[in-house]
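Step one of this worksheet: look at the structure below.
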Amino acid sequence: MVFDVLRRYLEYSGYAVTFVKNFTDVDDKIIKRANEQGVSCDTVTSKYIQAYHEDMGKLRIRAATEEPKATEHIADIIHLTERLINKGLAYVVDGDVYFEVSQYPEYGRLSKRRLEDLQAGARVDVDERKRHPMDFALWKSSKSGEPAWESPWGPGRPGWHIECSAMSIRHLGETFDIHGGGMDLIFPHHENEIAQSCGATGKEFARYWIHNGFVQINKEKMSKSLGNFFTIREIFEKSEWSEAVTGEILRYFLLSTHYHGPLDFSDQALKEAKNALNGFYDLFNRLKETAESGGGDGGSLQTAIERSKKSFTQAMDDDLNTSAAVAALQGLRSDMNKLLRVGLSTEDRQTARQAFRSFGVVLGLFQLDRWDFNVRIVPKPAQLVLETFPPTVMVTKQMVEAEIDGKVAERIEAKKRRDFKRADDIRAELKSLGIALEDKPDGTTRWKR
RNA sequence: GGCGCCGUACCCAAGUGGUAAGGGAGCAGUCUGCAAAACUGCGAUGCAGCGGUUCGAACCCGCUCGGCGCCUCCA
């Protein structure tokens, strides 16, 4: 999501962005899984790629310009490998091709590692056919039962790093601007990409590298062994909020910290993100209403928007400081509320809402028309015990709007009669359905889910 | 052992030399039949600890402590 925001901000700033996301659709794990299930690798990968797209969609992460797959670039990979062999940076052993790190003096520049240090840490089971323990495979000869492609070195498949170099060069050219990834990829993956690409082309590979920090769970790392591992999918399945709202909350939460640092995930953190977003959407609801009193001060509105725009872009320009950028929007929210107390014309309200929308496009926030955070009603625990399939049955219960409006009107009548008991009962009834009421000074009532 | 990221109030979090943004929660007040929302006020003499440099340090230097990542055919 960090890179989605980066892309959005670059576009907001007037750049034309080509965003390429590489998929590795052949490796040991995939082959193993395909064999276990008795299906093709393609079946396995397309299933996961589809699931990935679904999850990204829920987070409103935009699709990349290109999403190349390794298996669709075998020719590019072979060509790149040949270039490296011709330059004396790679060698062939029994149908395998290895990159020779000792022939590439810059190796270790990105990760600030020296080959000597790496040797000390290298583990025991070094392939003896390699000239240096850190040499890595560009091409692997195929064993029986593995998918294979023809190559000058015999049937085989690409190594583990070459595909990214080949695909980047194909879709972005030999030199491009920004390469991103998790911090765990710095070594060896990104280091190897540089070695392969610069080695072959003699040109710079990526001008800038951006690495994001990790998600932790309650201050612990997320891992299967600790049993605290979960997926985005599960967050959505377990969420008591609607999908659109959950996606927004997740985005807000992820934006609340700098991409570089660790991010501690917890129910409380999500709750806080939701509460903060409530404040924004409450404001948006008020901005949607037509001005009952008119008047207002369009001048201070423009001033407030300009001021927040300045802080917002300053923050984003400063290494994508989304936390400070969000703070700028909170400042705007506060300013808007103050202006609204004084009174803003209907037109000014639309201007204000539009300002939030345009900042929101950059962060992927504030685009929802309704903030229906209570739409999903989770079944009672007793029902969950039943071995139903799917195990968690989500029941969606929504009152039709006309019905709610009727109740609200009835309550206003009750209030006029000063029958506060009846009024409170209606409010309680609606609350149990997740509908909150707010009485406005003019005697009307606004409701929200 | 080597290379990194991080440690700021109850919680989240910005701030890389000029005297601690912002949000959430909480408390008090305004408004209100009550509530909700909004607004106003309160809230770290201190930024993991110790020492140093400086007129001045959360920020620079050194050491220590704590959390996490990488150093491996997961990409």
Side-chain angles (χ1 to χ4, degrees), chain A residues 22-30 70 96 108 110-114 116-127 133-134 136-137 140 159-161 163-164 181-193 211-216 218-223 252-253 255-264 266 268-283 285-286 311 315 318 321-334 336-342 414-415 418-421 423-424 427-428 431 436-441 445-448:
Chain A
N22 297 345
F23 283 101
T24 298
D25 58 347
V26 56
D27 70 6
D28 289 343
K29 262 190 180 171
I30 293 167
D96 291 344
L110 178 71
S111 54
K112 294 180 192 152
R113 282 161 217 264
R114 293 174 308 168
E116 306 87 78
D117 295 336
L118 293 170
Q119 261 179 289
R123 247 195 345 194
V124 280
D125 52 339
V126 175
D127 188 333
M134 291 317 297
F136 55 91
K140 285 189 74 174
W160 309 274
H161 309 290
E163 56 203 47
C164 287
M183 280 196 309
D184 54 337
L185 297 178
I186 294 173
F187 191 90
H189 186 55
H190 292 158
E191 194 69 59
N192 291 355
E193 277 189 61
H211 293 105
N212 60 277
F214 292 102
V215 175
Q216 302 179 91
N218 298 322
K219 303 279 183 197
E220 286 180 311
K221 73 166 175 177
M222 182 156 102
S223 77
Y252 190 93
F253 166 63
L255 290 166
S256 69
T257 186
H258 192 94
Y259 74 84
H260 217 259
L263 181 67
D264 197 50
S266 66
Q268 193 197 333
L270 283 192
K271 192 77 195 298
E272 286 181 4
K274 195 210 106 183
N275 286 344
L277 278 168
N278 274 349
F280 281 103
Y281 276 96
D282 278 344
L283 169 62
N285 281 337
R286 260 169 272 136
S311 331
D318 182 13
N321 191 338
T322 52
S323 183
V326 167
L329 299 186
Q330 284 163 341
L332 182 61
R333 182 194 132 204
S334 174
M336 290 296 179
N337 274 324
K338 280 170 212 163
L339 289 172
L340 215 43
R341 302 192 97 213
V342 182
K415 278 176 65 179
R418 302 195 68 79
D419 181 359
F420 297 124
K421 172 75 173 64
D424 290 348
R427 185 165 60 196
K431 193 183 175 190
L437 301 184
E438 282 176 35
D439 293 336
K440 298 197 287 183
T445 298
R446 91 167 52 89
W447 60 269
K448 63 176 182 180

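Chain A is the first sequence line, chain B the second, and so forth, proteins listed ahead of strands; every chain is numbered from 1. Hydrogens, waters and symmetry mates play no part in the numbers below; they use all other heavy atoms, side chains included.
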Check your understanding: Side-chain N or O of Trp160(A) less than 4.0 angstrom from OP1 or OP2 on rA75(B)?
Key -> yes
Exercise for review: Taking only the side-chain heavy atoms of Met183(A) (C-beta and beyond), determine which of rC71(B), rC5(B), rA75(B) contains the nearest atom.
Suggested key: rC5(B)
Review point. Side chains of Asn337(A) and Arg286(A): closer than 4.5 Å at any heavy-atom pair?
Key: yes
Practice item. Quote, to the nearest angstrom, the P distance that separates rG17(B) from rC12(B). Key: 26 Å
Check your understanding: Taking CD from Glu191(A) and P from rG4(B), how many angstroms apart are they, rounded to a whole number?
Key -> 13 Å
Review point. Which is true for Leu185(A) with a 4.0 Å heavy-atom rule: it touches a base, it touches only sugar-phosphate, or it touches nothing?
Key: base
Practice item. Anything under 30° is parallel, anything over 60° is perpendicular, the rest tilted; go ahead and classify His189(A) against His161(A). Key: tilted
Review point. If we take the P atom in both rG1(B) and rC63(B), what is their distance in whole Å?
Key: 14 Å
Point to revise | Residue closer to the 5' end of RNA chain B, Asp282(A) versus Lys421(A) (nearest nucleotide) | key: Lys421(A)
Review point. Do the side chains of His258(A) and Ser323(A) get nearer than 4.5 Å, heavy atoms only?
Key: no
Exercise for review: Check every atom of rC39(B), rG67(B), rA37(B) against the side chain of Arg286(A) and return the nucleotide holding the closest atom.
Suggested key: rA37(B)
Exercise for review: State which of rG33(B), rA75(B), rC70(B) makes the closest approach to the side chain of His189(A).
Suggested key: rA75(B)
Check your understanding: On a whole-Å scale, what distance lies between the C1' atoms belonging to rA9(B) and rA58(B)?
Key -> 14 Å
Review point. Quick one: on RNA chain B, does Gly213(A) or Lys338(A) contact a more 5' nucleotide (nearest heavy atom)?
Key: Gly213(A)
**Study point:** Base versus backbone protein contacts along nucleotides 16-27 of chain B [heavy-atom cut-off under 4.0 Å; B, S, -]
**Key:** -----BSBSS--
Study note, to complete from the structure: Out of rA13(B), rG33(B), rA38(B), minimum distance to the side chain of Ala423(A) belongs to rG33(B)
Exercise for review: Can you tell me the pairing partner of rA14(B) across any strand shown, Watson-Crick or G-U wobble, with both distances under 3.5 angstrom?
Suggested key: none
Exercise for review: Give His258(A) one of three labels, base, sugar-phosphate or nothing, depending on what nucleic acid heavy atoms sit under 4.0 Å from its own.
Suggested key: sugar-phosphate
Practice item. Considering only NZ, NE, NH1 and NH2 on the basic side and carboxylate oxygens on the acidic side, decide whether Lys415(A) and Asp439(A) come within less than 4.0 Å. Key: yes
Review point. Taking the side chain from Glu438(A) and the backbone from Arg446(A), do they hold a donor-acceptor pair closer than 3.5 Å?
Key: no
Check your understanding: Does Asn321(A) offer a backbone N or O that forms a donor-acceptor pair with the side chain of Asp318(A) under 3.5 Å?
Key -> no
Practice item. Ignoring backbone atoms, establish whether Asn321(A) has a side-chain N or O less than 4.0 Å from OP1 or OP2 of rA14(B). Key: no
Check your understanding: Is the backbone of Ala70(A) close enough, under 3.5 Å, to the side chain of Glu163(A) for a donor and an acceptor to pair up by distance?
Key -> no
Find every protein N or O atom lying less than 3.5 Å from an N or O atom of nucleotides 59-62 of chain B, and list the pairs.
none

